[in-house]
Amino acid sequence: MPPASRIDSRVEDVIAWFAREARDLPWRDPGCSAWGVLVSEIMLQQTPVNRVEPVWREWMSRWPTAHDLAAAPQADVLRAWGRLGYPRRAKRLKECAAVLVERHGGDVPRELDELLALPGIGEYTANAVRAFAFGERAVVLDTNVRRVIGRAWRAQPLPTAHLTRAEREHAAALVPASALEAAAWNAGSMELGALVCTARRPRCDECPLQAECAWVAAGAPGLEEAPRRTQAWHGTDRQVRGRMMALLREADAPVDLASCPQLEDVEPEQRDRCLASLVADGLVEARGGEPVTYTL
DNA sequence: AAAACGGGGAC
DNA sequence: GTCCCAGTTTT
């Protein structure tokens, strides 16, 4: 990563804003373990902070180390994950814990390629762990940071669907040379994107970059025309899978999901398809017998 | 390159 | 009710 030759005033302003406005989150506690940071990043991949925080606290109190999670029954792990969504993340986090125990003595590695080799960890999460768990000077590029840089530096209303090489290089050039400032920039630009420079309704009046923002200077164009990212929900396989997982989390015995009253409104074809996909994902276990029943 | 994958809160 | 939010893996 090429070092930032000179710190940008907008970067300085984000760092100063973050020093004032940073939320007090448990995984930002200096005493939080690298494992705790990794767990938080997996939970935060698709889920807002306010929903993650209580689950993270309970989770870390129950399984403080990778050894603890690796030894936990998957059903307990999926129940503790609760309604965070995308339960495959919980399964992969447990698998990740097992790999840490097998290959790294239960510790979280700090090398990028070793992090990328772990289940459930991609480019964003690997760099986030390096930055927030180890204080390394990493390029942490989630959609929040991409949006902040896109607007304040490049006058773009919203990031493109895919990260380009030029964008990655621009982001790398903005990361301050000092590890301490780099960490503040990485956390602060994410926080600014999450709280102020939001996608559809940015709070420019509260933004520390308002006077310096290239997009504001251009008149904040293009937001209305930008393509929406809505996904169907009602009646989708996604929703049915979620309902099935919720039933199994609350059950204390195997459930006959093919004919239970809570799923009467679901067509048999969709029910079977969703059950098969949950079993294929390794989230649900089919028990033989007549009728066939299911458990976590 | 595109599709699959939850769920809750704001309006 | 409708819209918004978003990283990793699989195809």
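Labels below follow one simple rule: chain letters A, B, ... track the order of the sequence lines, proteins then strands, and each chain is numbered from 1.
Straight-line distance between the P atoms of C:dA6 and B:dC11: roughly 15 Å, to the nearest whole Å. B:dG8 and C:dT8 are spaced 23 Å apart, taking the P atom of each and rounding to whole Å. A distance of about 15 Å separates the P atoms of B:dG6 and C:dT11, rounded to the whole Å.
In summary, A:Asp281 and A:Arg92 do not engage in a salt bridge, as defined by a charged side-chain N under 4.0 Å from a carboxylate O. A salt bridge links A:Asp76 with A:Arg62: the distance from a Lys NZ or Arg NE/NH1/NH2 to an Asp or Glu carboxylate oxygen falls below 4.0 Å.
Within the 3.5 Å criterion, the main-chain N or O of A:Leu44 finds no donor-acceptor partner in the side chain of A:Thr47.
Taking side-chain N and O atoms only, A:Arg89 has no distance below 4.0 Å to OP1 or OP2 of C:dT8. OP1 or OP2 of C:dA6 lies within a sub-4.0 Å distance of a side-chain N or O belonging to A:Arg147. At C:dA6, one or more side-chain N or O atoms of A:Asn144 fall inside 4.0 Å of OP1 or OP2 (strictly under the cut-off).
Closest contact between the side chain of A:Pro87 and the listed nucleotides B:dG7, C:dT8, B:dG6 involves B:dG6. Side-chain atoms of A:Ala199 lie closest to C:dC5 of the nucleotides C:dC5, B:dG6, C:dT8. Picking from B:dG7, B:dA4, C:dT8 the nucleotide with the shortest atom distance to the side chain of A:Arg83 gives B:dG7. The listed nucleotides are B:dC11, B:dG6, C:dG7; the one nearest the side chain of A:Thr143 is C:dG7. In the set B:dG6, C:dC4, C:dT8, the nucleotide with an atom closest to the side chain of A:Arg200 is C:dC4. Of the candidates B:dG7, C:dC3, B:dG6, the closest approach to any side-chain atom of A:Gln46 belongs to B:dG6.
Rounded to an integer number of Å, the gap from A:Tyr124 OH to C:dG7 C1' is 9 Å. Across the protein-nucleic acid pair, A:Arg51 atom CZ and B:dG9 atom C1' stand 9 Å apart, rounded to whole Å. Nucleotide C:dT10 holds its P atom 10 Å from the CG atom of A:Asp281, rounded to whole Å. Atom CG in A:Leu116 sits about 13 Å away from atom C1' in C:dG7, given to the nearest Å. Rounded to whole Å, atom P of C:dT8 lies 13 Å from atom OH of A:Tyr86.
In terms of position on DNA chain B, the residue among A:Arg201 and A:Thr47 whose nearest nucleotide sits closer to the 5' end is A:Thr47. The residue among A:His234 and A:Leu44 whose nearest nucleotide of DNA chain C lies closer to the 5′ end is A:His234.
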Side-chain donor-acceptor pairs under 3.5 Å in residues 246-255 of chain A, sequence neighbours left out?
unit_1	atom_1	unit_2	atom_2	d
A:Arg249	NH1	A:Gly82	O	3.2

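Residues that satisfy the ring pair (Phe, Tyr, Trp, His ring centres under 6.0 Å) test with A:Trp35, not counting sequence neighbours, are absent from this structure.
Residue A:Glu123 is in sugar-phosphate contact alone, with no base atom involved, counting any heavy-atom pair closer than 4.0 Å across all strands shown. Counting any heavy atom pair closer than 4.0 Å across all strands shown, A:Arg146 reaches no nucleic acid atom. Counting any heavy atom pair closer than 4.0 Å across all strands shown, A:Asp142 reaches sugar-phosphate atoms only and no base atom.
For A:Trp215 and A:Trp153, the gap between ring centers reaches or exceeds 6.0 Å.
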